Amino acid sequence: MSPEPLFQIHLVLGYAAWLLCFGAYIWPWLKRTDPVEAHRAIATLHSFRFFGLVFILPGVVGNLPPTFASFAAYGDFATGLLAMAALLTVRIRPLFWPLVVAFNVVGVVDLVVDYYHATVLGLPAIAGELGAAYAIPIIYVPLLMITHVAAFYLLARPRTSSTRSGAEGLVH
């Protein structure tokens with residue numbers, strides 16, 4: 001089997017496995033948790049996105065198209081820094097909430113543009129060039145996208161009286 005269908009199968013199964021895990025264990029907890037704590041958990045996961053700089057680290061990846069590698073690396077880096085800033089400002093709600101929105105917007109744009117670049121540049125056919133970083137789009141990216149969607153849902157959902165107490169500053 002050629003690299004392209006293998007990569008696509010891996011990617012689809014990465015989403016399937018994370019959706020099963022997320023639906024069974026993570027989503028029920030996030031929905032019933034205080035909004036600040038739920039977004040702290042998501043921000044903590046995304047704070048590790050500095051690791052995306054590996055796409056431009058010589059010796060770790062092979063000959064990736066520069067358009068893909070640079071945008072993916074710096075988009076992840078920016079998202080990770082914004083997530084860390086959100087975590088650092090958790091006690092300053094007027095800063096925390098805009099940073100939560102910012103890291104999620106930047107993160108989704110990064111992932112969508114990365115998918116676009118990967119498709120246009122034929123990355124699935126040269127997936128072996130990812131080297132050790134192959135696990136990022138297969139294992140890590142599906143969870144990142146799923147948690148971004150969850151974060152937007154949690155930000156947009158109406159607050160009940162039980163969740164309002166932890167969400168001061170969110171709606172105002």
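Residue numbers start at 1 and run along the sequence shown. Predicted model, so just to flag it, every value in this text is computed and none were measured.
- Leu130 is not connected to Ile9 by any chain of hydrophobic side-chain contacts under 4.5 Å among Ile, Leu, Val, Met, Phe, Trp and Tyr, and they are in different clusters.
- Val149 and Leu45 are assigned to two separate hydrophobic clusters, defined by single-linkage of ILVMFWY side chains at heavy-atom distances under 4.5 Å.
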_Pair Leu123-Glu129, side-chain contact (heavy atoms from CB on, under 4.5 Å): steps then yes or no_ = CA-CA 9 Å; Leu123 186 66; Glu129 294 294 325; 5.8 Å; no

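- The stretch residues 56-82 participates, sequence neighbours left out, in these side chain to side chain donor-acceptor pair (under 3.5 Å) pairs: Arg49-Asp76.
- Classification of the Phe103-His46 ring pair by plane angle, with boundaries at 30° and 60°, yields tilted.
- Residues Val120 and Val109 fall into different hydrophobic clusters, defined by Ile, Leu, Val, Met, Phe, Trp and Tyr side chains chained together at heavy-atom separations under 4.5 Å.
- Residues Tyr15 and Trp18 fall within the same hydrophobic cluster, defined by Ile, Leu, Val, Met, Phe, Trp and Tyr side chains chained together at heavy-atom separations under 4.5 Å.
- Between Ser47 and Leu87 the shortest heavy-atom distance is CB-CD1, 4.1 Å.
- Of the possible donor and acceptor atoms, one in the side chain of Arg157 sits under 3.5 Å from a partner among the backbone N and O of Lys31.
- Heavy atoms of other residues, nucleotides or ligands lying less than 6.0 angstrom from CZ of Phe152 number more than 12.
- Residues Val90 and Leu155 share a hydrophobic cluster, clusters being chains of Ile/Leu/Val/Met/Phe/Trp/Tyr side chains in contact below 4.5 Å.
- Side chains of Ile42 and Leu154 form a contact here, defined as non-hydrogen atoms less than 4.5 Å apart.
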*asked:* side-chain contact (heavy atoms from CB on, under 4.5 Å), that's the test. Do Gln8 and Val12 meet it? Break it down for me.
replied: CA-CA 6 Å; Gln8 291 166 341; Val12 168; 5.6 Å; no

*Mind running side-chain contact (heavy atoms from CB on, under 4.5 Å) on Phe7 and Ile138 for me, showing each step along the way?*
CA-CA 8 Å; Phe7 180 82; Ile138 302 307; 3.8 Å; yes

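- Side chain of Asn104 to backbone of Val100: a donor-acceptor contact under 3.5 angstrom is found.
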*Let me see the working for Phe77 and Leu81 under side-chain contact (heavy atoms from CB on, under 4.5 Å), right down to the final yes or no.*
CA-CA 6 Å; Phe77 185 57; Leu81 290 178; 3.7 Å; yes

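- Contact of the Pro3 side chain with the Ile126 side chain is not registered, since no non-hydrogen atoms from C-beta on lie closer than 4.5 Å.
- The shortest side-chain heavy-atom distance between Ile92 and Phe96 does not fall under the 4.5 Å cut-off.
- Using a 4.5 Å cut-off on side-chain heavy atoms (C-beta onward), Phe55 and Pro66 make no contact.
- Contacts classified as side chain to side chain donor-acceptor pair (under 3.5 Å) and involving residues 133-145 (residues at least two apart or in different chains) are given here: His10-Tyr134.
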